[in-house]
*Asks:* 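Could you have a look at this structure, given as structure tokens, before my questions?
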Amino acid sequence: MGKLVYGASLREFDIDDRTLAHLRVAVLNKLRRSESFALTWEHGVDRGSGRTTVWLNESIPVQFVFSGNRPPKLNRLWIEQLLLSANSAGGLQHVPEPDESEPFESE
């Protein structure tokens, strides 16, 4: 289980390493282009359910901390879907990983 560490308050979100690796690519892609956006993450039942939304901006420190030592093979289709989510009015939200053989539909 990896962690997304956000801002100076060291707010942490537990995210499995595979999902975190894909989020990392999407988030860094947006921030590299100086595009700010919202990230909403649902809490697990073990953390009282609910969700948190944070505003991501290139001036706010963010860290991606992985517990495993091997990076996963990335699913390009999943990254594209995460980026579509990030570009929407609702901001970046978790979308389930698609099978890599699924056709890409950009709405």
Side-chain angles (χ1 to χ4, degrees):
M1 184 66 67
K3 293 188 183 300
L4 172 76
V5 183
Y6 177 75
S9 67
L10 297 181
R11 176 79 192 235
E12 295 183 355
F13 302 89
D14 290 327
I15 302 172
D16 73 87
D17 278 1
R18 179 160 182 77
T19 303
L20 186 61
H22 287 79
L23 279 174
R24 178 184 171 273
V25 173
V27 167
L28 293 180
N29 200 343
K30 295 283 288 174
L31 294 178
R32 178 177 52 83
R33 294 188 301 232
S34 299
E35 296 175 3
S36 301
F37 59 100
L39 168 66
T40 299
W41 201 256
E42 292 189 15
H43 306 193
V45 175
D46 58 325
R47 300 190 116 196
S49 297
R51 64 188 175 279
T52 297
T53 299
V54 294
W55 185 250
L56 292 175
N57 178 284
E58 64 187 285
S59 67
I60 302 169
V62 63
Q63 299 175 43
F64 301 87
V65 181
F66 296 90
S67 60
N69 60 355
R70 293 183 185 201
K73 180 178 182 278
L74 295 176
N75 179 335
R76 186 189 70 78
L77 181 56
W78 196 10
I79 293 168
E80 292 290 336
Q81 289 180 349
L82 289 167
L83 285 168
L84 279 174
S85 173
N87 290 332
S88 72
L92 180 54
Q93 298 185 33
H94 180 267
V95 293
E97 181 174 8
D99 184 299
E100 289 185 85
S101 64
E102 289 181 29
F104 179 68
E105 296 178 21
S106 62
E107 300 180 329

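This chain uses plain numbering: 1 for the first residue, then up along the sequence. None of the values given here were measured: they were computed from a predicted structure.
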*Asks:* Verify side chain to side chain contact (heavy atoms under 4.5 Å, CB included) between Leu84 and Val95, making sure each step is shown before the conclusion.
*Replies:* CA-CA 10 Å; Leu84 279 174; Val95 293; over 6 Å; no
*Asks:* How would you list all residue pairs meeting ring pair (Phe, Tyr, Trp, His ring centres under 6.0 Å) that involve residues 77-96, not counting sequence neighbours?
*Replies:*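 As it turns out, the ring pair (Phe, Tyr, Trp, His ring centres under 6.0 Å) pairs with a partner in residues 77-96, which skip direct neighbours, are His22-Trp78, Trp41-His94.
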*Asks:* Test of understanding: with side chain to side chain donor-acceptor pair (under 3.5 Å), list the residues that count as partners of Asn87, not counting sequence neighbours.
*Replies:*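 Counting only residues at least two positions away or on another chain, Asn87 forms a side chain to side chain donor-acceptor pair (under 3.5 Å) with Lys30.
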*Asks:* CZ/Arg24 to CD/Gln63 distance, rounded to the nearest 0.5 angstrom?
*Replies:*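 Arg24 CZ to Gln63 CD: 12.5 Å, rounded to 0.5 Å.
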*Asks:* Against Leu92, only a single residue in Thr40, Val54, Val27 fulfils side-chain contact (heavy atoms from CB on, under 4.5 Å); can you say which?
*Replies:* Val27
*Asks:* Is there a path of hydrophobic side-chain contacts, each under 4.5 Å between heavy atoms of I, L, V, M, F, W or Y residues, that connects Leu83 with Val25?
*Replies:*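 Yes, Leu83 connects to Val25 through the hydrophobic network.
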*Asks:* Using every non-hydrogen atom in the two residues, find where Ile15 and Leu20 come nearest and quote the distance to one decimal.
*Replies:*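 Ile15 and Leu20 have their closest heavy atoms at CG2-N, 3.7 Å.
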*Asks:* With sequence neighbours excluded, tell me which residues meet side chain to side chain donor-acceptor pair (under 3.5 Å) with Thr19.
*Replies:* Asp16
*Asks:* Answer with yes or no whether the hydrophobic clustering places Phe37 together with Val62; edges join I, L, V, M, F, W, Y residues whose side-chain heavy atoms lie under 4.5 Å apart.
*Replies:*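 In one cluster: yes.
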*Asks:* Check Pro98 against Asn75 and note the closest heavy-atom contact, atom names and distance.
*Replies:*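 Shortest heavy-atom separation between Pro98 and Asn75 comes out as O-ND2, 2.8 Å.
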*Asks:* Supply the atom-to-atom distance Leu39 CG to Thr52 OG1, rounded to the nearest 0.5 angstrom.
*Replies:* 9.5 Å
*Asks:* Is atom CZ of Arg33 surrounded by more than 12 heavy atoms (other residues, nucleotides or ligands) closer than 6.0 Å?
*Replies:*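 Count over threshold, so yes.
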*Asks:* Under a 4.5 Å side-chain heavy-atom rule over Ile, Leu, Val, Met, Phe, Trp and Tyr, are Ile79 and Leu31 clustered together?
*Replies:*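 Shared cluster, no.
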*Asks:* Using every non-hydrogen atom in the two residues, find where Leu82 and Ala26 come nearest and quote the distance to one decimal.
*Replies:*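 What the structure gives for the nearest pair is CB-CB, 4.0 Å.
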*Asks:* Is it true that Ser85 and Gln93 share a donor-acceptor pair across their side chains at a distance under 3.5 Å?
*Replies:* no
*Asks:* Return the minimal non-hydrogen interatomic distance between Asp17 and Gly68, and the atom names on each side.
*Replies:* OD2-N, 2.7 Å
*Asks:* Using every non-hydrogen atom in the two residues, find where Ser36 and Trp55 come nearest and quote the distance to one decimal.
*Replies:* CB-CZ2, 3.3 Å
*Asks:* Are Leu23 and Leu28 connected in a single hydrophobic cluster, I mean Ile/Leu/Val/Met/Phe/Trp/Tyr linked by side-chain heavy atoms less than 4.5 Å apart?
*Replies:*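 In one cluster: yes.
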*Asks:* Just verifying a value: how many Å separate Arg18 CZ and Lys73 NZ, rounded to the nearest 0.5 Å?
*Replies:* 8.0 Å
*Asks:* Around atom CZ of Arg70, are there more than 12 heavy atoms from other residues, nucleotides or ligands closer than 6.0 Å?
*Replies:*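 Open.
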